[in-house]
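Structure record follows, encoded as structure tokens.
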Amino acid sequence: MSDDHVYMTLAEGHEDDTRWAYGTGFEDPLHGVDAAVPDGVDAGELAALCVTLADDALVSAQRLAEWTTRAPELEEEVALANIGLDLLGQARLLYSRAGQVDGTGRDEDAYAYFRDAGEFRNVRLAELPNGDFAFSIVRLLVFAAWRLAHFERLTAHRDPVLAAIAAKGVKELAYHRQYAAEWAVRLGDGTDESRRRTRRALEQVAPYLGELFTAYDVRDEVVAVLRRVTEAAGLPMPVYRPLPGSGRTGEHTGHLAPLLAELQGVARAHPEATW
Amino acid sequence: MVTTALDARRARRIAEQVPDPELPMLTLADLGVLREVSLEPDGTVVASLTPTYSGCPAMAEMRAGVAARLQAAGYPRVEIRTVLDPPWTSDWITPDGRRKLAEHGIAPPGAAPARAAGPVPLVLSPTRRSVPCPRCGHPDTEETSRFGATSCKALWRCLACHEPFEYVKEI
Ligand SMILES: [Zn+2]
């Protein structure tokens, strides 16, 4: 076996070269990590929490990836794609952890590709269409601020694997929140048009804030971040009017099913394909 | 099979020399992602790797690269373990690794931000850090994008020689 080019070592395990470049069957991202669930941790609850956090990340990653070739500038396209990639990585780790502890032995692909919209537990905020750049930035700001605060608390979780995934994620999410906050200030404090759109985006995300504030008490921290950013941008804080229903119980908008159809299409058409 | 301390050291050296798939001027040891290499009594080499970023697509290639090099060097049984805790930090890039990055026109990272327990503070005023140009050494440089071609790098440019360059982010 030669490893002159490291990527070639990956291909050598497959007899059918034509199937190398797409598909499922990635190596388990938790390969070799001690999978034991500590005493006193409810495996079902832990798995449900991991799936919830993974669904948020996977759906967000898919929306961020949709900006590729469409962002206002190449730098922003690269930034949004990188943020999506971090979230996709978090999703993979979390799905793998869920599969280890929920007793089904499912792998990450089973969760990502072979569940329907009603089985997803992501917040509806994540599945809303990208809209304009202002909406995507404001949505990312809210999502990253919430997820960073939540992950920071999860670093003390009694499950060491979830705690480690969270500790890694905190470093990444701090960059995501920073990126979105700086853009939100720049847009809010920019032209009349960017200001109008950013203000509208804040109003559009407001109904979906409540869904984020359920399990851990991170509401004050997220609101404080939003207040700082809106003050710096010279924009009003959005008025909070919660919508009925919740993505956390599988009640989604009509936008999730088409997103999943695109995400899952290849895997479902070629269920045996391997990378 | 009788294993010796010499075999263990040799296995470690081989694993350490595997190049990083995305920063090929660095070895996995330079990058600080190779956490441990040990030799079990039955001859199995156990190598522990830690990912740089959760979504780092190079992890599978790193694992495959370490296993392939060790197998080619006469260690048929190789086990690769993923270590998530503690999370990788750019502070683990070795002095040798930093020198190689700079030689290849990539600015090495500064010290990673120290994190106190509790909420991560949001800093809205731009943090001024001085990143000397890796090409001409001039201190007058600016960030063009916090995100670059790979997760671990940002894009900068030099205001003196006008060349763009990559910069490994502190994390
Ligand atoms: Zn220069």
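To find a chain, count down the sequence lines: A is the first, B the second, and so on, and within it residues start at 1. In this text the structure is predicted, and so the values were computed from the model without any measurement.
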- Task: Check step by step if side-chain contact (heavy atoms from CB on, under 4.5 Å) holds for A:Gln178 and B:Leu122.
- Result: CA-CA 7 Å; A:Gln178 188 71 27; B:Leu122 175 70; 3.7 Å; yes
Residue part contacting chain A, namely of [X], when any heavy atom lies under 4.5 Å:
X	value
B:Ser48	neither
B:Pro86	neither
B:Thr52	backbone

Under 4.5 Å between any side-chain heavy atoms of [X] and [Y], yes or no?
X	Y	result
B:Tyr53	A:Lys168	no
A:His31	B:Arg63	yes
B:Leu84	A:Leu30	yes

Taking atom [atom1] of [X] and atom [atom2] of [Y], what is their separation to the nearest 0.5 Å?
X	Y	atom1	atom2	result
A:Asn82	B:Lys169	CG	NZ	6.0 Å
A:Thr155	B:Asp85	OG1	CG	10.0 Å
A:Glu75	B:Arg146	CD	CZ	13.0 Å
A:Glu73	B:Ser145	CD	OG	9.5 Å
A:Arg228	B:Leu124	CZ	CG	4.5 Å
B:Thr82	A:Asp34	OG1	CG	12.5 Å

- Message: I'd like to know whether A:Val33 forms a side-chain contact (heavy atoms from CB on, under 4.5 Å) with B:Val83, so could you lay out the CA-CA distance, the side-chain angles of the two residues, the decisive distance to 0.1 Å, and finally the verdict.
- Response: CA-CA 7 Å; A:Val33 172; B:Val83 179; over 6 Å; no
- Just say parallel, tilted or perpendicular for the rings of A:His176 and B:Phe147, cut-offs at 30° and 60°. tilted
- Verify the neighbour count for atom CZ of A:Arg70: are there more than 12 heavy atoms of other residues, nucleotides or ligands below 6.0 Å? no
- If you tally heavy-atom pairs under 4.5 Å against chain B, which of A:Leu148, A:Leu80, A:Val185 wins? A:Leu148
- Heavy-atom donor-acceptor pair, A:Arg177 side chain to B:Val120 backbone, under 3.5 Å: yes
Atom group of [X] that falls short of 4.5 Å from chain B, counting heavy atoms:
X	value
A:Ala149	neither
A:Glu221	side chain
A:Leu88	neither
A:Ala79	both

- Query: Does a side chain donor of either A:Glu172 or B:Ser54 reach within less than 3.5 Å of an acceptor in the other side chain?
  - Reply: yes
- Go through B:Pro121, B:Ala154, B:Pro87 and name the one with the most non-hydrogen pairs under 4.5 angstrom from chain A. B:Pro87
